[in-house]
There are 2 protein chains.
Amino acid sequence: MTSEVSLRERKKQATRAALSHAAWSLMIEHGLQAVTPETVAEAVDVSPRTFRNYFASREEAILYGLVRRAGSIADALRARPAGEPVWDSLIEVLPDMVAGLLGESRDLLLLMHAILRDPAMFAQHLVAFEHSQELFAAVIAERTGTDHRYDLSPRLLAAALGVAMRTAALAWAQSETDVSIADLIRRCLMELRAGIPLGES
Amino acid sequence: MTSEVSLRERKKQATRAALSHAAWSLMIEHGLQAVTPETVAEAVDVSPRTFRNYFASREEAILYGLVRRAGSIADALRARPAGEPVWDSLIEVLPDMVAGLLGESRDLLLLMHAILRDPAMFAQHLVAFEHSQELFAAVIAERTGTDHRYDLSPRLLAAALGVAMRTAALAWAQSETDVSIADLIRRCLMELRAGIPLGES
DNA sequence: CCGCTTTCTTTCCCGTCCGGCAAGTTTTCC
DNA sequence: GGAAAACTTGCCGGACGGGAAAGAAAGCGG
């Protein structure tokens, strides 16, 4: 009963999580240039070669945690009342949950700066969001009774969510005022639901 | 009058275009693995080192043409009548222009397969779209009289356009039926303008 | 038209990174 | 308990990235 998955699998997941966590911590504490297969592997007490078996790049390791958290957001969406309109679920769940999962705002700021400075980080964060979107697309498709592999709308909406979160995060990182990231995400989502009305003169 | 930019600058642009074009052609004709700094440089008759002075990776070279074309789409948007609502301009211009600029549908299919197969291509195509979105955000901000550096809406809309085009391209590449890419883009845009209404039961 | 300066191209080269391979270790399964 | 499968590790070769300096081309002043 303790093992619905094998010991082997649990160890692998643990190692992957530990490596990812170590990569993240190293970046927060010592900057991006301090994150290398060697330093990360040493922190987890495995060989550098093993690090490369788990992650194709240091960027992937750093951002892996975000994809995991996207998974838990998707689970939270699944847990919403069955009849609730999807847009309502999203606007209810996403802003606070994203803000909650991101942790220290100082950490997020460091991450955003790394993403904006380093081309490899920038590219990889786009990939991470893309992977997260697949998770969201699956949930949305479940809840609307469509198939996200064949129907446009779920994928479009999932992609729009990614856009909302990235746009909000960017605006947050660049703004001098300290509006909350949750509010920014909420505003982006509501604009999207309204069809991005441009107040044109 | 022929030279509003210097000869030097024109030569650089020509070299960049030639390298990008060669990289694209090589991919279409001989597959992704045939595209290397060496082969591309040879096709343009420059040194491999020069190729790397222009592009950070083969993927960047292959996709550079797409970003250029995004620029010409942005120009087309600028040329629309001043009073026209932005969404109308977009729906009017984007679908046909994208389809027209992409050329042979067989080529596009090869590109999509390369993007879906190769992680580096996948990452780079996201970056290319991101760069294109900055161009679109600038146009939208001009036409709505907002500043895309401080206002959310133009960036959100520009990002949504990228999403529409990528989602459409993906659906097109995966569909067995031969709907036109222009129609798919139009459908995505109209769904976005309508706030992605999900026909929920 | 001619040198001088600036910018780009090219060659050479070295350190780093990536990933295949095979030996050693751990887990699984019967 | 022992064979088979899966994972970890060190080693290694080839690819890649980019610095430095010489050579070629373009711009600029006379």
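Computed from heavy atoms alone, side chains included, the values below leave out hydrogens, waters and symmetry copies. A note on names: the letters A, B, ... follow the listed sequences, proteins ahead of strands, and every chain is numbered from 1.
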### Query
Distance check: side-chain N/O of B:Tyr54 vs OP1/OP2 of C:dC8, anything under 4.0 Å?
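No, no such contact exists.
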Can you check the [X] [atom1] to [N] [atom2] distance for me, whole Å?
X: B:Glu59; N: D:dC16; atom1: CD; atom2: C1'; answer: 12 Å
X: A:Arg52; N: C:dC21; atom1: CZ; atom2: C1'; answer: 15 Å
X: B:Gln33; N: C:dG19; atom1: CD; atom2: C1'; answer: 18 Å
X: A:Arg58; N: C:dC18; atom1: CZ; atom2: P; answer: 9 Å
X: B:Arg16; N: C:dT9; atom1: CZ; atom2: C1'; answer: 14 Å
X: A:Arg10; N: D:dC7; atom1: CZ; atom2: C1'; answer: 16 Å
X: B:Asn53; N: C:dT7; atom1: CG; atom2: C1'; answer: 12 Å

Close side-chain approach of [X] to [Y], heavy-atom, < 4.5 Å:
X: B:Ser89; Y: B:Glu92; value: no
X: B:Val127; Y: B:His131; value: yes
X: A:Leu111; Y: A:Trp24; value: yes

### Task
Using modelled atom types only, decide if a donor and an acceptor are shared between the side chain of B:Thr167 and the backbone of B:Ala164 within a distance under 3.5 Å.
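Checking the backbone N and O of B:Ala164 against the side chain of B:Thr167, no donor-acceptor pair under 3.5 Å is found.
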### Task
Output yes when a side-chain donor or acceptor of B:Arg68 lies under 3.5 Å from a complementary backbone atom of B:Leu63, and no otherwise.
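A pair under 3.5 Å: no.
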### Message
Quick check on contacts: within residues 34-51 of chain B, what sits under 4.0 Å from DNA chain C by heavy-atom distance?
### Response
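Going residue by residue through residues 34-51 of chain B, the ones with a heavy atom under 4.0 Å of DNA chain C turn out to be B:Val46, B:Ser47, B:Arg49, B:Thr50.
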### Step-by-step side chain to side chain contact (heavy atoms under 4.5 Å, CB included) determination, A:Leu135 to A:Ile73
CA-CA 9 Å; A:Leu135 303 178; A:Ile73 293 176; over 6 Å; no
### Query
Only one of B:Phe51, B:Phe55, B:Tyr54 clears ring-ring contact (aromatic ring centres under 6.0 Å, His included) with B:Tyr64; which?
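Exactly one option meets the ring-ring contact (aromatic ring centres under 6.0 Å, His included) with B:Tyr64, and it is B:Phe55.
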### Query
Looking at B:Asp88 and B:Arg193, does any basic side-chain N land under 4.0 Å from a carboxylate oxygen?
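Answer for the salt bridge query: yes.
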### Query
Are the charged groups of A:Asp118 and A:Arg58 less than 4.0 angstrom apart, N to O?
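A:Arg58 and A:Asp118: salt-bridged.
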### Task
Heavy atoms under 4.0 Å is the rule here; annotate nucleotides 22-30 of chain C 5' to 3' with B where the base is hit, S where only the sugar-phosphate is, and - elsewhere.
----BBS--
